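Indexing begins at 1, ligand by ligand and atom by atom, following the structure's order. Just so you know, these numbers come straight off a predicted model, no measurement behind them.
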Amino acid sequence: MSATNSKTVRFSVAPGGQLRGRLRVPGDKSISHRSIMLGSLAEGETRVSGFLEGEDSLATLAAFKAMGVTIEGPEHGQVCIRGVGLHGLQAPSQALYLGNSGTSMRLMTGLLAGQAFDATLTGDASLSGRPMKRIVEPLTRMGAHIGTTDRGTAPLEIQGGATLTGIDYAMPVASAQVKSSVLLAGLYAGGRTCVTEPAPTRDHTERMLDGMGYPVQRDGNRVCLEGGHTLHGIAIDVPADISSAAFFLVGASIAPGSELVLEHVGMNPTRTGVIDILTQMGASIGIENRREVGGEPVADLHVRAAPLHGIDIPPELVPLAIDEFPVLFVAAACAEGRTVLTGAEELRVKESDRIQVMADGLATLGVNAQATPDGMIIEGGTMGAGRVDSHGDHRIAMAFAMAALRAQGPIGIDDCANVNTSFPGFVDLAARAGLHIDSD
Ligand code: S3P
């Protein structure tokens with residue numbers, strides 16, 4: 001659906017203005033996906049509040065309903081999942097369509113590799129072009145049978161009835177999706193499954209497994225579990241998504257006179273790279289009211305406009321801010337001096353090639369932005385005006401919307417329907433804060 005509709009939504013954003021007020025952005029996408037997956041595999045009920053009602057997490061929810069799980073909601077972010085236990089899923093009657101959602105596809109492939117039934121996973125044009133060998137290779141080593149296209153892409157055909165054996169896997173890329181996929185297969189494997197990551201990546205899977213009473217051993221960059229234990233349903237309070245808050249952190253930083261409080265934002269240390277990078281660039285972001293909800297740290301973020309300056313982004317922060325680079329490039333374009341990003345080749349295989357698409361769009365707006373194989377070099381300066389293409393990538397669309405706060409004229413953004421994959425209500429929430437977007 002989104003694939004066919006996506007060309008039809010266009011944003012026109014008026015230049016200038018400022019962002020003010022208190023906002024709560026929608027729930028964390030990564031945690032929302034995992035609440036459905038692990039809640040379905042648990043014994044007993046899992047009650048979720050703050051669930052992200054975006055297309056990606058709704059695709060996961062629909063897939064588990066199609067495998068026989070009773071799920072009530074979402075209604076105002078409340079979801080109730082009646083877990084069927086590790087072995088209670090049923091064969092879906094048709095292929096499971098996962099839209100634009102890489103997290104759904106990569107994590108579900110791991111857990112479907114351990115089922116008794118066959119399943120086929122499909123997605124939209126973007127998802128069907130994204131690399132899946134990175135999960136198929138370790139899962140095959142565990143004993144899974146997974147068919148892909150010749151290019152190693154979806155549709156994925158997962159054969160049921162495989163006998164899985166735990167492996168000790170050193171991941172070549174820092175990817176939470178790969179780590180989670182292997183760990184979810186490990187729930188069904190004989191013996192011990194261990195994953196070692198080259199750099200820390202988001203650990204929501206490990207935290208939620210632990211919260212549901214499943215034994216997980218973590219030691220530095222290595223995580224291990226054994227198959228055959230039981231998950232127990234719990235209550236999950238999903239914090240606001242720091243990746244969605246990031247648009248407003250940048251918008252308020254670059255627009256003079258802005259002052260915003262973003263409430264109840266997830267502050268898991270594997271996700272907070274965007275705050276560290278912006279702070280190094282001179283942003284004013286206060287972290288207030290720190291607390292912990294259901295095993296995940298949260299806080300209110302108080303951001304005020306501040307003059308930004310360019311930096312060399314420390315490579316170790318890249319995996320901790322991996323989804324925030326489109327809007328960080330906008331921050332860099334509005335900063336004084338040069339910003340250099342390296343070590344971020346993963347950005348080329350996200351929902352779009354985020355290095356090329358952002359470099360092209362920034363160039364259209366008159367910014368000196370040079371794409372490199374693994375990053376970007378941006379000279380801060382004046383943001384012009386014009387019409388850019390988001391290539392159906394939600395985060396590119398929202399990043400360019402924020403750029404309008406400093407633009408010399410209106411910014412038109414094509415192909416914006418997929419904003420609904422992660423941030424339903426973006427246009428309305430932005431308007432409440434002071435950024436006016438015409439969406440047609
Ligand atoms: C995610 C992991 C990241 C991120 C994606 C969500 C997750 O992908 O980009 O938006 O929920 O595990 P990689 O693990 O492939 O970097």
Side-chain angles (χ1 to χ4, degrees), residues 26-38 51-52 54-57 59-60 98-111 123 126-127 129-138 152-154 169 171-184 195-209 221 223 236 238-239 241-247 266 268 270-274 296 315-328 343-355 374 393-396 398-399 418-419 421-423:
D28 187 276
K29 184 151 75 76
S30 294
I31 298 175
S32 295
H33 281 298
R34 288 157 171 82
S35 71
I36 299 293
M37 296 181 193
L38 297 183
F51 182 79
L52 171 65
E55 288 172 6
D56 278 10
S57 37
T60 292
L98 301 172
N100 195 241
S101 179
T103 308
S104 309
M105 186 168 278
R106 297 209 177 98
L107 271 59
M108 285 178 59
T109 301
L111 76 87
S126 156
L127 183 54
R130 295 181 66 186
M132 293 295 150
K133 273 190 194 143
R134 55 179 59 196
I135 51 162
V136 171
E137 195 268 323
T153 52
Y169 189 57
M171 283 196 300
V173 282
S175 165
Q177 294 183 352
V178 175
K179 172 177 63 174
S180 301
S181 186
V182 171
L183 291 176
L184 291 174
V195 181
T196 305
E197 46 189 6
T201 69
R202 65 192 69 191
D203 64 354
H204 306 297
T205 303
E206 298 91 304
R207 284 177 187 248
M208 203 179 287
L209 283 169
N221 59 350
V223 52
I236 297 173
V238 182
D241 197 327
I242 191 169
S243 297
S244 297
F247 300 104
N268 181 311
T270 60
R271 298 286 298 281
T272 47
V274 62
E296 293 276 354
E316 65 274 13
L317 291 179
V318 169
L320 310 181
I322 193 66
D323 291 335
E324 286 66 78
F325 285 103
V327 80
L328 283 169
E345 55 279 345
E346 274 295 297
L347 295 180
R348 293 199 177 271
V349 291
K350 293 294 179 188
E351 287 83 329
S352 70
D353 175 344
R354 288 183 173 162
I355 292 175
D374 68 341
D393 186 326
H394 53 139
R395 299 201 198 279
I396 304 262
M398 291 184 276
N418 281 340
V419 165
T421 62
S422 67
F423 202 146

Which parts of the protein, at residue level, reach under 4.0 Å of ligand 1 through a heavy atom?
S30, R34, T103, S175, A176, Q177, R202, I322, D323, K350
By the definition salt bridge (charged side-chain N to carboxylate O under 4.0 Å, His left out), identify the one residue from R202, K29, R271 that meets it with D323.
R202
Test item: side-chain donor near acceptor, H33 and S57, under 3.5 Å
no
E324 side chain to S243 side chain, donor-acceptor N/O pair below 3.5 angstrom
yes
I need the E296 CD to N268 CG distance, nearest 0.5 Å.
4.5 Å
Heavy atoms, side chains only, cut-off 4.5 Å: are S352 and I396 in contact?
yes
Rounded to the nearest 0.5 Å, what separation is found between the OG atom of S101 and the CE atom of M105?
8.5 Å
